[in-house]
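Everything on this sheet refers to the single structure shown next.
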There are 2 protein chains.
Amino acid sequence: MAEPQDRRNLIISCAAELFARKGVGATTVREIADAVGILSGSLYHHFESKDAIVDEVLGYYLDNIKKRYAEVMAGEKSPAERLHELVYASLVVAEECPHATVIYQNELHYLREQPRFRHVQLAAADIQQTWLQVINEGVRDGSFRDNIEPRVFYRSIRDAVWLSTRWHRPKGPNPTERLAEDVTSIFLDGFSAKPRPAIPPAARRHRDRSATGC
Amino acid sequence: MAEPQDRRNLIISCAAELFARKGVGATTVREIADAVGILSGSLYHHFESKDAIVDEVLGYYLDNIKKRYAEVMAGEKSPAERLHELVYASLVVAEECPHATVIYQNELHYLREQPRFRHVQLAAADIQQTWLQVINEGVRDGSFRDNIEPRVFYRSIRDAVWLSTRWHRPKGPNPTERLAEDVTSIFLDGFSAKPRPAIPPAARRHRDRSATGC
DNA sequence: GTCTATACATCGATAGAC
DNA sequence: GTCTATCGATGTATAGAC
């Protein structure tokens, strides 16, 4: 049952965990090999270099994001609904690839300095473009404010969403769906208590959970 | 005019820049020495180890936060005003210590694993406590929503604020004061356009800049 | 596919001349 | 206070036996 791919994937998985915790540059091939249970020299039967392992980790992760964002943009939804779906899609990816998410967030700036990881920079530009397109659509059609720079809003929600991997536990009392709703609600509705608005807010997708006590 | 402290501070400054860009573990003492313009051995006349330099960088940074947060908490303000002041104080610190901010954000999890940096962990707990105190006060007095977990709100605004060092340029068209107002407004009021509220929102401190075009 | 063994570079840190 | 010179450990990567 043990396919050759399993061995390769085990290496990628162990390496990702170390890269995320210690940083790529501070992780040694010996540590990766130790985690897998083999000697460092044996790694080079599967990968031609340490950087090649980094490539593999980030490649799968970025393709995952790209695919899910494309699905969101394919649907015909309002900007507010799309924003919620982008948040949810990001959290699902972060749940599936928590280590890669951390690596990407912590080391993007350094990785893009190296020509080796040029494809990471290109993917990052694509991701930003998707968010900004949704935000700008919302500003244009009047559902989002026009007195906040779209870029400031984008950076804020992006950081809040992607860095949730540092603290959010999907298995805990806050499942991913709930977190996506809460984050979207914070960023669209705000954290201020609403003084029973005379004009009810346009259909929002989140239930009121004030009575659940959690 | 060149005090002995200047040399020491130059080393700290150069090291901080490298630590922030490449990560602490991936930065070598030789690189630090190169940036300063001396040889690596000479560093050890000023510091007893590489970790001691990290200590110095983070120590000044954390003391800076601690001092500014204490000032905010000393004033008698509403939770919403205090939240705005915490955001602003954080951005001022991030502007003064951009490299230390990045190091702290990127490597906190790893640093706290090492007994050497236990004081960093203690400072981190203090910082979180300050934010949560303000948030909980606001929930208690009814100015903040009670259907969002305070911790979820805290993590979101914290990440958005501290990670702004990665992209915000204080010298640009968005000065620090303006960013603090925008971030606070996003997190308290939300990004959704308000349909001319019948009940005007309680005195908020930010001007409407929809006509400035920026 | 993993091992042994090792090449060769670079790491943090030290000792002592200047 | 910086240099020269270097130690011993550790870094990535390779070659060839099994």
Side-chain angles (χ1 to χ4, degrees), chain A residues 1-59 103 106-107 110-111 113-117, chain B residues 1-59 99 103 106-107 110-111 113-117 120:
Chain A
M1 271 297 184
E3 302 290 322
Q5 278 305 88
D6 288 351
R7 209 85 186 110
R8 190 181 165 85
N9 286 336
L10 178 62
I11 295 172
I12 292 174
S13 167
C14 290
E17 195 271 329
L18 286 162
F19 289 157
R21 205 176 81 232
K22 311 188 48 176
V24 172
T27 299
T28 71
V29 292
R30 279 192 248 269
E31 285 172 321
I32 298 171
D34 280 351
V36 175
I38 58 178
L39 290 187
S40 66
S42 306
L43 286 179
Y44 292 84
H45 175 77
H46 303 275
F47 298 94
E48 67 170 3
S49 72
K50 178 178 148 183
D51 278 349
I53 304 179
V54 178
D55 269 335
E56 209 86 11
V57 172
L58 291 180
I103 298 166
N106 283 355
E107 317 218 29
Y110 180 53
L111 290 176
E113 286 180 9
Q114 303 168 295
R116 174 82 155 89
F117 297 105
Chain B
M1 271 296 184
E3 302 290 323
Q5 277 307 87
D6 288 351
R7 208 86 187 110
R8 190 181 166 85
N9 286 336
L10 179 61
I11 295 172
I12 291 173
S13 168
C14 291
E17 196 271 329
L18 286 162
F19 289 156
R21 205 177 78 235
K22 311 187 47 177
V24 172
T27 300
T28 71
V29 293
R30 283 177 174 84
E31 285 172 319
I32 298 171
D34 279 351
V36 175
I38 59 178
L39 291 186
S40 65
S42 306
L43 286 178
Y44 292 84
H45 176 77
H46 303 275
F47 298 93
E48 66 170 4
S49 72
K50 178 177 149 183
D51 279 349
I53 305 179
V54 178
D55 269 335
E56 209 86 13
V57 171
L58 291 179
H99 302 315
I103 297 165
N106 283 355
E107 317 218 28
Y110 181 53
L111 290 176
E113 286 180 11
Q114 304 168 294
R116 175 81 157 90
F117 297 104
V120 173

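Below, chain A is the first sequence line, B the second, and so on; all start at residue 1. Keep in mind it's a predicted model, so treat the numbers as computed, not measured.
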Rounded to the nearest angstrom, tell me the gap between atom CG in Leu39(A) and atom P in dT14(D).
17 Å
Locate the shortest heavy-atom distance separating Phe117(B) from Val54(B); write the atom from each residue and the value.
CE2-CG1, 3.7 Å
State whether Ser42(B) places a side-chain N or O below 4.0 Å from either non-bridging phosphate oxygen (OP1 or OP2) of dC3(D).
yes
Do you know which two heavy atoms are closest between Lys50(B) and Gly25(B), and how far apart they sit?
NZ-O, 3.9 Å
Ignoring backbone atoms, test whether Arg30(A) places a side-chain nitrogen or oxygen under 4.0 Å from the OP1 or OP2 oxygen of dA13(D).
no
What integer distance in Å separates Ile11(B):CD1 from dA13(C):P?
14 Å
Begin from the C-alpha positions of Leu10(B) and Arg7(B) and carry the test side chain to side chain contact (heavy atoms under 4.5 Å, CB included) through to its verdict.
CA-CA 5 Å; Leu10(B) 179 61; Arg7(B) 208 86 187 110; 3.4 Å; yes
Tell me if a side-chain donor or acceptor on Lys22(B) pairs with a main-chain N or O of Thr28(B) at a distance below 3.5 Å.
no
Where the side chain of Ser49(B) is defined as all heavy atoms beyond and including C-beta, which of dT2(C), dA13(C), dT12(D) is the nearest nucleotide?
dA13(C)
Phosphate contact (dT14(D) OP1 or OP2) by Tyr44(A) side-chain N/O below 4.0 Å
no
Expressed as a whole number of angstroms, how long is the span from Glu31(A):CD to dC11(C):C1'?
14 Å
Of the candidate nucleotides dT2(C), dG12(C), dG1(D), which contains the atom at the shortest distance from the side chain of Arg7(A)?
dT2(C)
What is the distance from CZ of Arg8(B) to C1' of dT2(D), rounded to the nearest Å?
17 Å
Over all strands shown, is Ile38(A) touching base, sugar-phosphate only, or nothing at heavy-atom distances under 4.0 angstrom?
sugar-phosphate
Rounding to an integer number of Å, can you tell me how far His46(B) NE2 sits from dT14(C) C1'?
16 Å
Nucleotide of dC3(C), dC11(C), dG1(D) approaching Thr28(B) most closely (side-chain heavy atoms)
dC11(C)
Whole angstroms only, please: what is the NZ-P distance between Lys50(A) and dG11(D)?
9 Å
Value in whole Å for how far the P atom of dA13(C) lies from CD1 of Ile53(B)
9 Å
Which of the following nucleotides, dT2(D), dC3(C), dA13(D), is nearest to the side chain of His45(B)?
dT2(D)
For Glu48(B) and dT14(C), give me the distance from atom CD to atom C1', rounded to whole Å.
13 Å
Heavy-atom pair of closest approach, residues Glu107(B) and Phe19(B)
OE2-O, 4.1 Å
